[in-house]
Amino acid sequence: TGVPAVRLQVVAFFLYAGLEATTGQWCFTILTEHYGYTRPVAGVLTGAYWGALAGGRVLFGFLVDRFGARPLVRISGALCLLGTALFTGFLPGTEVVGTLLVGFALAPYFPVMMTDTPARVGSEIAPYAVGFQVAAATVGIAAFPALAGAVAGEYGPGAIAPGLLVLALAFTAVYSSVDRLPKDEGSPSLGVSASAA
């Protein structure tokens with residue numbers, strides 16, 4: 001797979017980190033200024049988003065050895081799209097469920113993508129690929145929340161929620177391409193590494 005796989009992985013990390021960070025950094029503002037929740041309630045929901053992300057990683061660690069990483073991550077992809085769609089608030093109250101669902105659905109991606117790297121790109125270039133992936137994630141964490149701020153300044157915080165859905169669609173599409181890459185079956189077990197993440 002080589003370099004094309006590295007490029008796909010880098011884009012996936014960029015989009016993933018942007019989605020996770022933007023949701024976490026802007027959900028309080030969206031909930032208060034767009035949906036009208038009180039600050040205490042929005043604060044609890046924002047904390048619950050991060051809690052769902054952390055709790056999802058713990059739960060995934062228990063489930064991955066039993067069910068395998070690939071089926072669980074595919075389910076997470078569907079839940080992520082559903083969560084970001086619900087966060088747009090197309091039905092009253094769905095933004096609450098959406099907030100929690102996005103956090104939970106994003107939980108397995110980072111450890112699985114990182115653990116999968118040697119199998120996707122080859123063990124020889126994996127150390128370099130990991131460096132690029134971390135750098136891409138760092139850029140995503142900075143770039144997407146800033147872009148969301150520009151969107152909010154122009155159109156209001158409510159415009160960020162549909163943007164998160166678009167970002168989730170883009171990430172899911174890229175990760176699906178990564179998931180179709182051939183794997184080196186001699187690489188370390190996903191289950192063991194992901195459980196330790």
Side-chain angles (χ1 to χ4, degrees), residues 11-64 72-114 134 136-176 197:
V11 174
F13 271 87
F14 174 67
L15 296 172
Y16 165 82
L19 179 58
E20 178 189 300
T22 306
T23 305
Q25 291 183 31
W26 279 96
C27 64
F28 179 87
T29 302
I30 297 169
L31 289 168
T32 53
E33 297 186 16
H34 180 63
Y35 291 121
Y37 287 87
T38 64
R39 294 174 65 85
V41 171
V44 169
L45 290 172
T46 300
Y49 164 78
W50 293 111
L53 181 66
R57 289 207 171 134
V58 173
L59 180 61
F60 181 79
F62 287 109
L63 295 178
V64 67
L72 292 176
V73 171
R74 286 176 176 171
I75 292 171
S76 291
L79 293 177
C80 180
L81 292 176
L82 176 61
T84 50
L86 291 174
F87 191 64
T88 62
F90 64 91
L91 292 174
T94 58
E95 61 276 358
V96 174
V97 177
T99 302
L100 302 179
L101 194 55
V102 173
F104 180 78
L106 289 177
Y109 279 107
F110 190 91
V112 167
M113 288 194 297
M114 193 62 76
V134 172
T138 302
V139 174
I141 289 170
F144 283 103
L147 178 60
V151 170
E154 186 70 23
Y155 303 104
I160 298 174
L164 292 175
L165 177 56
V166 172
L167 184 53
L169 287 166
F171 167 67
T172 303
V174 172
Y175 184 78
S176 294

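All values reported here derive from a predicted model rather than from experimental measurement.
- Applying the side-chain hydrogen bond (donor to acceptor under 3.5 Å, both in side chains) test to residues at least two apart or on different chains, none of the pairs has a partner in residues 44-54.
- Note on residues 12-23: pairs passing side-chain hydrogen bond (donor to acceptor under 3.5 Å, both in side chains), not counting sequence neighbours, are Tyr16-Glu20, Tyr16-Arg57.
- Contact between Ala159 and Val151 at its shortest, heavy atoms only, is CB-CG1, 3.7 Å.
- The residue from Leu101, Leu165, Val102 that alone fulfils the side chain to side chain contact (heavy atoms under 4.5 Å, CB included) condition with Leu86 is Leu101.
- Using a 4.5 Å heavy-atom threshold, the side chains of Tyr35 and Ile30 count as touching.
- Counting only heavy atoms from C-beta outward, the side chains of Thr29 and His34 never approach each other to under 4.5 Å.
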Apply side-chain contact (heavy atoms from CB on, under 4.5 Å) to residues Leu164 and Trp26 and explain how you reach the verdict. CA-CA 10 Å; Leu164 292 175; Trp26 279 96; over 6 Å; no
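- Tyr155 OH: 12 or fewer foreign heavy atoms inside a 6.0 Å radius.
- Taking 4.5 Å as the limit, every side-chain heavy atom of Val64 sits out of range of all side-chain heavy atoms of Pro108.
- Distance check, rounded to the nearest 0.5 Å: CZ of Phe13 to OH of Tyr109 gives 12.5 Å.
- Applying the side-chain hydrogen bond (donor to acceptor under 3.5 Å, both in side chains) rule to pairs touching residues 75-101 yields Tyr37-Glu95, sequence neighbours excluded.
- With a 4.5 Å cut-off on side-chain heavy atoms, Phe60 and Val112 count as touching.
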Assess whether ring pair (Phe, Tyr, Trp, His ring centres under 6.0 Å) is satisfied between Phe171 and Phe14, documenting all intermediate values. CA-CA 9 Å; Phe171 167 67; Phe14 174 67; over 10 Å; no
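- When all heavy atoms of Ala152 and Ile160 are compared, the closest pair comes out as CB-CD1, 3.8 Å.
- Counting heavy atoms from C-beta outward, Phe104 and Leu59 have side chains that approach closer than 4.5 Å.
- Closest of all the heavy-atom pairs between Thr172 and Gly77 is OG1-O, 4.4 Å.
- Scanning both residues, Ala42 and Thr32, for their nearest heavy atoms gives CB-CG2, 3.4 Å.
- The list of salt bridge (charged side-chain N to carboxylate O under 4.0 Å, His left out) pairs with a residue in residues 35-54, not counting sequence neighbours, is empty.
- Looking at residues two or more places apart in sequence or on another chain, you find a side-chain contact (heavy atoms from CB on, under 4.5 Å) between Ala21 and Gln25, Ile141, Pro145.
- Annotation: side-chain contact (heavy atoms from CB on, under 4.5 Å) contacts of Leu100 (sequence neighbours excluded): Ala48.
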